[in-house]
Chemist: 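Handing you a structure now.
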Amino acid sequence: MIEAPKGTRDILPAEIGRWRFVEDRAHALFERYGFREIRTPLFERTELFARGIGEGSDIVAKEMYTFTDRKGRSLTLRPENTAPVARAFIEHGLYRGAGLQRLYYIGPMFRYERPQKGRMRQFHQIGVEVFGSDHPAVDAETLEMLMSFLRVLGIESAALRLNSVGDPVCRPSYREALLAYLKEQRNSMCEDCHRRIADNPLRCFDCKVPADRDIMARAPAIIDFLCAECRGHFDRLRSLLQALDIAHTVDPRLVRGLDYYRRTSFEVTLSGLGAQNALLGGGRYDGLIHDLGGPDVPGFGFAVGEERLVMSLPETAAVPSGAPEVVILALEEEGVVGALVLARALRRAGRRVVFEPQPGRSLKAQLRRAGDLEARFVLILGESEIREGAVAIKSMADGAQDRVPLERVEARLREMSGA
Ligand code: HAM
């Protein structure tokens, strides 16, 4: 048997209601804030990620699915979607109109990671990007939308951790202080961190080796090195969040695993997620569009891991079941045409109807099957019904049964549903 590749997973019909539930709410809520959906390709030229996310990041150094196509071009399955959306923004000149561009996306991403609970090689993100303003009100409003999204889904106990990672003005002096510290600690750190110290010392915060994490927990924190502008931006953001009652904590060592962040960076963690406790992450990336060859346009965004979101939904979430309202049973071959015609009429009236042609199978077996499908009503076309141009209606909830002429079926279903 050929199985799905390691780190990928089929999302089966029994689970799909939970996915549709979160996606439907994302579409509805984000659009209320002026966001519009964008769909970009699943693969891009490799250099987009190398330049956008950064060569020294774990994602680019170790986790990309990169291949050469038949013409020798290097392509990569997207490990994230901020760089692709920025690329599309530049390519289509979306910056030309005055004002902000608010975009969102839902779709698969690919990272070659060691799979575990909540960590996949193909996973899904629901993300948003705002281009065109560095005002902290953009950060505050987008974070407010994010927390509303989690609330609408019934996810409580989400903890927002916030930091500022500075900008090119303040980062050099921080980098020096960090390097000085890391040089003292180097001998007790892992090989990967040796590479990180040489390439980009900030990336040592990504290390998952426990001893190195202890070392990094004592490292100098960027927030103590912010320049006046970055400090002002951060303080204003915090006061706006307070005005909106958005609870958050400042985590001075929150440095995210992608190089494009400037100033605001944040994550939301959930205790129930275990080791992979980051439900989502994001921040400001004011230099990215420019670095990718576009104009000097600032940006801000976040991405939620959809697997982790779906896992965290409360049991009580009003997830659509996908069950049919009506199952039609034809007990005789002569009833098949009538069943098809009736199914079509009911579907035209907006009902979800299933017909499985199994004439000759016993009524009992067919009713059991309708029960498995969790149908509300069963319509039975047996010998006498066919003769009389009628149909038997059975309510699965209370077993009540009735017989009506074919043309009365829809009206009777409405009465029986109490509508
Ligand atoms: P990220 O922190 O790399 O940020 O990913 C965001 C979220 O995607 C994570 O918090 C996690 O929930 C989910 N995720 C990441 N890797 C995996 C995986 N292997 N399996 C399951 N879920 C995963 C970004 O991707 C940025 N582009 C976010 C952003 C948007 N920043 C600004 N705009």
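Whatever order the structure lists ligands and atoms in, that order sets their numbers, starting from 1. Quick caveat: nothing in here was measured; it's all calculated off a predicted structure.
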Chemist: Classify the contact between Leu258 and ligand 1 as side chain, backbone, both or neither, using a heavy-atom distance cut-off of under 4.0 Å.
Modeler: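 It is the side chain that touches ligand 1; the backbone stays farther off.
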
Chemist: Any non-hydrogen atom of Phe300 lying under 4.0 Å from ligand 1?
Modeler: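 Distance cut 4.0 Å: Phe300 fails for ligand 1.
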
Chemist: Just to be sure I read this right, does ligand 1 sit under 4.0 Å from the backbone of Gln125, its side chain, both, or neither, counting only heavy atoms?
Modeler: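 Under 4.0 Å from ligand 1, Gln125 contributes side-chain atoms alone.
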
Chemist: Just to be sure I read this right, does ligand 1 sit under 4.0 Å from the backbone of Tyr112, its side chain, both, or neither, counting only heavy atoms?
Modeler: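 Neither part.
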
Chemist: When you measure from atom 7 (C) of ligand 1 to every protein heavy atom, which one gives the shortest distance, and what is it?
Modeler: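 Here the closest protein heavy atom is Ala303 O, 3.6 Å.
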
Chemist: Identify, for atom 14 (N) of ligand 1, the protein heavy atom at the shortest distance, and state residue, atom and that distance.
Modeler: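 In this structure, atom 14 (N) of ligand 1 has Phe123 CE1, 3.5 Å as its nearest protein heavy atom.
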
Chemist: Among residues two or more places apart or on two chains, list those pairs meeting ring pair (Phe, Tyr, Trp, His ring centres under 6.0 Å) that have a residue in residues 232-271.
Modeler: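 Ring pair (Phe, Tyr, Trp, His ring centres under 6.0 Å) check on residues 232-271 returns Tyr260-Tyr285, Phe266-Phe300.
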
Chemist: Taking the six-membered ring for Trp and the full ring for Phe, Tyr or His, determine whether the centres of Phe131 and Phe89 are under 6.0 Å apart.
Modeler: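 Yes, close enough.
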
Chemist: Got a sec, which residues hit salt bridge (Lys or Arg N to Asp or Glu O under 4.0 Å) with Arg111, two or more places apart in sequence or on another chain?
Modeler: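 So Arg111 forms no salt bridge (Lys or Arg N to Asp or Glu O under 4.0 Å) with any residue.
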
Chemist: Return the residue, atom name and 0.1 Å-rounded distance of the protein heavy atom closest to atom 27 (N) of ligand 1.
Modeler: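 Sorting protein heavy atoms by distance from atom 27 (N) of ligand 1 puts Glu80 OE1, 2.6 Å first.
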
Chemist: For atom 21 (C) of ligand 1, which protein heavy atom lies nearest, and how many Å away is it?
Modeler: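 Heavy-atom neighbour on the protein nearest atom 21 (C) of ligand 1: Gly118 O, 3.2 Å.
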
Chemist: Atom CG in Leu202, atom CZ in Arg256: separation rounded to 0.5 Å?
Modeler: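 Interatomic distance, Leu202 CG to Arg256 CZ, rounded to 0.5 Å: 13.0 Å.
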
